[in-house]
Protein chains: 2
Amino acid sequence: MAAKESNSSGAGDPARTLELLWRDGSAAPAGRRGPRQGLTVDAVVDAALALADGGGLDALTMRAVAQELGVTPMTLYTYVPGKAELLDLMLDAVFLRMDRPPFGPDEPWRTRVTAIADANRALFPRHPWLVELRIVRAPLGPGVMNKYEYELAAFEGLGLDDVARDSALTYVLGFVQSGARAELDARAVERESAMSDGEWWDAHEPLLARALDESRFPLATRVGEAAAIAYNGLYDAAHAYRFGLARVLDGLAALGARAE
Amino acid sequence: MAAKESNSSGAGDPARTLELLWRDGSAAPAGRRGPRQGLTVDAVVDAALALADGGGLDALTMRAVAQELGVTPMTLYTYVPGKAELLDLMLDAVFLRMDRPPFGPDEPWRTRVTAIADANRALFPRHPWLVELRIVRAPLGPGVMNKYEYELAAFEGLGLDDVARDSALTYVLGFVQSGARAELDARAVERESAMSDGEWWDAHEPLLARALDESRFPLATRVGEAAAIAYNGLYDAAHAYRFGLARVLDGLAALGARAE
DNA sequence: GCTTACTTTATACACTGTATAGAGTAGCCT
DNA sequence: AGGCTACTCTATACAGTGTATAAAGTAAGC
């Protein structure tokens with residue numbers, strides 16, 4: 001099997017993956033021949049998390065994880081079937097460690113949904129690789145399950161049936177992830193280009209006579225300038241989140257009203 | 001400068017990039033020394049588009065583009081400064097070729113916004129690489145400018161000020177892109193794993209006693225099953241789009257009402 | 001003490017974007 | 001005409017990826 005660098009999750013042998021996801025840390029490996037293993041799956045996952053948290057998926061190479069742990073790259077393959085499964089384990093671990101404060105019984109749904117949106121948004125600065133990952137067929141480990149259970153409860157009282165509740169959660173999480181991705185992309189470009197948005201604009205603007213032609217693009221030039229002033233730059237992630245979340249909640253409120 | 005494979009846009013020398021974006025196809029290259037160029041920038045961009053449209057960014061390698069055009073890889077670098085700039089040109093070309101039927105003067109804003117959402121959604125099946133690309137500091141070429149001008153007009157009559165109009169457009173486009181990404185990710189995983197969602201589920205379900213424990217995860221198991229039945233699978237992109245777009249429009253309507 | 005299962009290591013492959021250096025071509029000036 | 005020079009195009013090279021494969025080392029069970 002070739003490399004392909006797909007950064008996807010949900011590949012590989014299901015039984016082995018699920019066994020790893022629900023593994024017991026306590027496992028006493030009694031009666032196995034050969035040398036005892038010098039590491040644990042948890043150690044591998046933690047080392048991988050440290051690398052990816054610090055430098056994104058680019059920094060997460062099997063060679064780097066191995067070096068971090070003081071072994072050669074191929075050693076990792078006795079703990080984990082491959083990189084795809086390692087990503088599954090990392091994702092479930094992050095979800096498992098999320099804080100899940102219980103909802104008050106008469107907390108309004110807007111507060112609860114805002115809370116889960118905020119909690120998900122808070123994930124990304126700490127784990128920037130989450131926006132690079134294709135999360136399809138989420139690994140059904142303890143982290144994923146607990147998170148899903150908890151977040152579905154946020155929609156209690158909105159008057160949605162089960163299918164609409166799942167759709168609503170997908171919708172909210174999609175919104176949060178979309179904004180986080182835009183924000184992290186913007187920050188990555190600033191870092192890689194060693195140029196702030198302001199510097200980039202200053203470099204381009206003198207050359208942009210054709211693009212910024214007010215007679216050809218009256219709306220674009222006017223609105224673009226107003227937005228640039230209001231955002232104090234090309235893109236204001238915090239503003240986009242506030243604006244979008246208010247729209248999301250209003251949209252859900254309209255759905256709830258219709259359902260009643 | 002090392003490779004890094006960042007698939008970003010908005011890098012490189014601004015003047016050169018802008019010159020390429022606003023290039024004249026008609027350019028008579030009179031009075032240049034040395035052999036005449038055997039290709040054109042347009043030919044390079046078209047070859048790159050054909051490759052990326054067919055096989056995503058994985059298929060878009062400088063070597064493949066060169067082979068398609070019957071030259072050696074390094075030849076491309078006389079037409080285009082590098083891969084990042086090539087991606088900028090591809091993106092602007094795609095936007096430039098979008099259909100932009102004029103809006104009727106008393107067409108309601110919901111119809112217009114739905115139209116631009118649909119048009120953007122329609123981009124992705126044809127150009128799957130659009131979801132893989134980090135679009136930051138969009139290349140300010142003719143395609144980007146015309147698209148922005150056109151799409152801003154869709155919000156006429158909603159009663160938004162300029163800043164809110166830009167935010168609303170960003171919000172709508174983010175929603176569409178987010179859904180398209182999820183859909184294409186799902187399809188890519190089906191292809192790469194050579195396993196449909198149904199087969200994947202059949203492989204996992206017998207092993208999932210712990211995950212699907214109804215007493216530990218009552219909501220998750222109930223809602224998950226209802227959704228799986230309703231979607232006829234793990235994920236129904238068309239359903240998510242319909243659901244989400246209705247929520248987006250309702251959210252914008254609430255904003256408009258507030259602004260009036 | 002031999003077999004056997006296991007852990008760990010070393011090497012190898014095909015592929016990426018592009019820096020660098022060189023070979024070949026043709027317009028311009030004397 | 002002949003040389004300079006700007007230009008196009010080619011060949012080679014580098015450091016890096018995930019992991020297949022094969023070999024070397026280790027310890028439990030008979």
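Chain identifiers are assigned alphabetically (A, B, ...) following the order of the sequence lines, protein sequences preceding nucleic acid strands; residue numbering begins at 1 within each chain. In this text, all values refer to a predicted model and were calculated from it rather than measured experimentally.
Rounded to whole angstrom, the span from the CD atom of A:Gln37 across to the P atom of C:dC6 amounts to 11 Å. Summarising the geometry, the separation between CG on A:Leu51 and P on D:dG18 is reported as 11 Å, rounded to the nearest angstrom. With rounding to whole Å, B:Met74 atom CE is found 9 Å from C:dG17 atom C1'. Put simply, OH on A:Tyr77 is 13 Å from C1' on D:dT21, counting in whole angstrom units. Between the P atom of D:dC9 and the CG atom of B:Leu76 lies a distance of 10 Å, rounded to the nearest Å. Computed from coordinates, the A:Glu132 CD to D:dT17 C1' distance equals 15 Å when rounded to whole Å.
Note on A:Leu39: nothing from the nucleic acid sits closer than 4.0 angstrom, heavy atoms only. As judged by a 4.0 angstrom heavy-atom cut-off over every strand, A:Thr75 is placed among the base-contacting residues. The residue A:Leu60 sits close only to the backbone: its heavy atoms come under 4.0 Å of sugar-phosphate atoms, none of a base.
Listed for the A:Arg63 side chain is no donor-acceptor partner under 3.5 Å among the backbone atoms of A:Pro73. No donor-acceptor pair under 3.5 Å is formed between the side chain of B:Glu183 and the backbone N or O of B:Ala237. Looking at A:His204, its side chain does come within 3.5 Å of a backbone N or O of A:Trp200 through a donor-acceptor pair.
A donor and an acceptor atom, one from each side chain of B:Asp99 and B:Tyr150, are nowhere located under 3.5 Å apart.
Contact check of residues 65-72 of chain B against DNA chain C (heavy atom, cut-off under 4.0 Å) returns no residues at all.
Heavy-atom minimum distance, B:Pro139 versus B:Val144: O-CG2, 3.0 Å.
Between A:Tyr79 and B:Pro73, the one whose closest nucleotide on DNA chain C sits nearer the 5' end is A:Tyr79.
In this structure, OH in A:Tyr148 is found 9.5 Å from OG1 in B:Thr221, a value given to the nearest 0.5 Å.
In the interface, the side chain of A:Arg63 is not paired with the base of D:dG16 through any donor and acceptor atom under 3.5 Å apart.
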